[in-house]
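A, B, ... follow the sequence lines: proteins, then strands. Residue 1 opens every chain. All values below were derived from every heavy atom in this structure, side-chain atoms included, with hydrogens, water molecules and symmetry-related copies excluded. What you see is a predicted model; the values in this text were computed from it and never measured.
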Protein chains: 2
Amino acid sequence: MELLMQSLKMGINSELYIKDPESSDLGKKIVEHSISMIDEMGFERFTFKKLGLRIKSNESSIYRYFENKHKLLLYLASWYWGWLEYRMVFATNGISDPREKLKKAIEVLTQNVQEDSSVSHINEVVLNRIIVDEYSKSLLVKEVGKEKKDGYFIVYKRLVGRLGKMMEEVDKDYRYPNSLASTVMEGALYQYFLREHFPSLTDCDKNITPTEYFTDLVFSTLKKA
Amino acid sequence: MELLMQSLKMGINSELYIKDPESSDLGKKIVEHSISMIDEMGFERFTFKKLGLRIKSNESSIYRYFENKHKLLLYLASWYWGWLEYRMVFATNGISDPREKLKKAIEVLTQNVQEDSSVSHINEVVLNRIIVDEYSKSLLVKEVGKEKKDGYFIVYKRLVGRLGKMMEEVDKDYRYPNSLASTVMEGALYQYFLREHFPSLTDCDKNITPTEYFTDLVFSTLKKA
DNA sequence: ATAATATGATAGTAAAGCTATTATTTTTGC
DNA sequence: GCAAAAATAATAGCTTTACTATCATATTAT
């Protein structure tokens with residue numbers, strides 16, 4: 001667990017926080033309860049003041065960890081993508097057949113988090129839910145210069161890159177591996193979102209999973225010409 | 001033009017506005033300048049106060065048209081999807097071959113708006129840009145009950161439904177027409193977004209268009225088994 | 001035991017996101 | 001052309017958000 005924690009933290013851009021939340025009890029509480037509060041009330045209604053009340057800590061203390069709630073969301077997202085990356089690399093490690101490998105990767109990346117595979121203070125099930133609902137709001141863009149933006153999203157970019165590479169391994173001639181990889185990653189979140197909020201816009205339900213849909217999509221597209 | 005305007009307005013849920021912005025000069029100005037201001041400063045920095053200043057009108061007057069800026073964004077999005085729907089129906093009307101028809105539909109729906117095909121006071125090129133950057137923020141969801149939500153998105157839902165139907169026409173056995181349709185609609189926005197902000201995550205650039213990518217994706221998936 | 005560091009309490013500020021009231025235009029119906 | 005109605009403007013004010021600053025009090029490290 002400690003080792004996992006280490007490797008997860010590694011990827012997270014240090015500009016996303018002021019003081020590393022893993023370095024103290026208060027920091028961990030901030031992360032833990034921000035996840036549940038964003039899940040309960042949604043990102044826009046969530047404030048540091050409310051979080052302070054919930055964890056019986058001071059608003060100003062929270063500001064010593066995160067510049068603002070948007071950076072906190074970026075931090076949570078980075079953590080989530082890092083965690084998924086770790087699980088994906090672990091699950092596909094040692095599979096030599098490129099098709100099998102890609103299949104496994106898609107499975108891990110498009111499955112929603114069911115079991116409480118809790119790493120310490122972070123509830124991945126709930127985190128997964130807020131990523132589905134709120135991730136797109138982290139992609140704020142007018143605020144920030146190109147270089148900074150790139151830093152904030154390294155983990156996500158690396159993950160999409162890995163998936164794209166696996167697709168290339170399966171079909172060297174396919175012309176859009178990066179687009180397909182980003183489509184799968186974003187599309188999976190979207191299909192879960194729709195299943196929850198606009199079920200008529202998706203075929204995913206109890207019987208059909210996003211994983212099944214995307215596996216079919218990717219392999220009919222990559223099938224050697 | 002007037003007829004088009006009529007049919008576009010039709011679809012828009014009347015709960016999205018308090019007073020129909022098409023019914024007055026001020027209303028039109030609100031719509032026109034909100035589009036350019038959101039484009040310039042992003043949705044979160046945009047306020048009714050600033051808009052009032054820009055159009056030399058009063059903040060409180062704007063509140064008589066829209067409850068808040070979120071509803072205004074939903075209104076703009078509805079308008080946009082209605083406009084796209086109109087163009088799609090027009091462009092595919094009379095094509096009898098289902099594959100050709102679907103191809104045309106994908107073309108219209110995934111193309112970014114280049115020419116200034118301006119309908120009256122609405123600049124579709126700029127509107128397209130803000131939809132790419134900000135649409136996901138309209139999908140706020142914790143705030144609002146299911147029924148209301150459904151109303152706000154009827155136009156979008158109808159459009160996805162139409163596209164899904166066309167896919168079914170091409171391949172009756174395909175199991176995920178709605179998911180594929182929603183993936184294409186959302187995915188197109190996302191690919192444009194990435195092309196602009198994170199080009200390494202997409203293969204779309206000057207030479208490869210989202211249209212090309214999605215056309216290939218859809219037709220390799222729907223190819224009769 | 002003392003100095004450094006982390007946290008808490010309190011206060012304050014500017015802006016956002018409204019609502020209310022009253023005054024002034026503009027429109028329209030006769 | 002005039003009165004009534006409707007739309008817009010001006011002004012004020014309220015609550016909440018999103019911070020920043022200062023000072024006090026714990027906690028920890030040396």
Atom [atom1] of [X] to atom [atom2] of [N]: distance rounded to whole Å?
X       : N      : atom1 : atom2 : result
B:Lys69 : D:dT17 : NZ    : C1'   : 12 Å
A:Asp20 : C:dA6  : CG    : C1'   : 15 Å
A:Lys71 : D:dC19 : NZ    : P     : 10 Å
A:Ile62 : C:dG8  : CD1   : C1'   : 12 Å
B:Lys29 : D:dA9  : NZ    : P     : 8 Å
A:Met37 : D:dT17 : CE    : P     : 11 Å
B:Asn68 : D:dT16 : CG    : P     : 17 Å
B:Phe66 : C:dC18 : CZ    : P     : 14 Å

Check: Does the gap between the ring centers of A:Tyr176 and B:Tyr213 come in under 6.0 Å?
Finding: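 Yes, ring centres under 6.0 Å apart.
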Item checked: Ring centres under 6.0 angstrom apart (B:Phe48, B:Tyr65) ->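 No, the ring of B:Phe48 stays outside the 6.0 Å limit from the ring of B:Tyr65, centre to centre.
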May I ask you to evaluate whether [X] reaches the phosphate of [N], defined as a side-chain N or O under 4.0 Å from OP1 or OP2?
X       : N     : value
A:Lys19 : C:dT7 : yes
B:Tyr65 : D:dT8 : yes
B:Ser57 : D:dT8 : no
B:Ser24 : D:dT8 : yes

Item checked: Matching residue for B:Tyr135 among B:Val132, B:Asp133, B:Leu139 - test: side-chain contact (heavy atoms from CB on, under 4.5 Å) ->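 The single option meeting the side-chain contact (heavy atoms from CB on, under 4.5 Å) with B:Tyr135 is B:Leu139.
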Notebook entry, point to check: On DNA chain D, nearest-nucleotide positions of A:Ser60 versus B:Leu26: which is more 5'?
Noted result: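 Nearest-nucleotide comparison on DNA chain D picks B:Leu26.
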Item checked: Residue whose nearest DNA chain D nucleotide is more 5′ - B:Arg64 or A:Lys50 ->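 Its nearest nucleotide being more 5', the pick is B:Arg64.
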Notebook entry, point to check: For the residue pair B:Phe90 and B:Tyr86, does the interplanar ring angle fall in the parallel (under 30°), tilted (30 to 60°) or perpendicular (over 60°) class?
Noted result: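 Plane angle under 30°, so parallel.
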Checklist line | Closest non-hydrogen atom pair between B:Leu159 and B:Met185, with its separation | finding: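 Heavy atoms of B:Leu159 and B:Met185 come nearest at CD2-CE, 3.7 Å.
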Next item on the list: Report which part of the nucleic acid B:Phe48 touches: base, sugar-phosphate, or nothing (heavy-atom distance under 4.0 Å, all strands).
Entry: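 It contacts nothing in the nucleic acid.
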Check: NA contact type, A:Glu67, heavy-atom cut-off 4.0 Å: base, sugar-phosphate, or nothing?
Finding: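 Touches sugar-phosphate only.
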Item checked: Residue A:Thr47, side-chain heavy atoms: nucleotide from D:dT8, C:dA16, D:dT17 that is nearest ->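 The closest nucleotide is D:dT17.
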Check: Looking at D:dT11, D:dT8, D:dA18, which one has an atom nearest to any side-chain atom of B:Asn58?
Finding: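 From the listed options, D:dT11 comes nearest.
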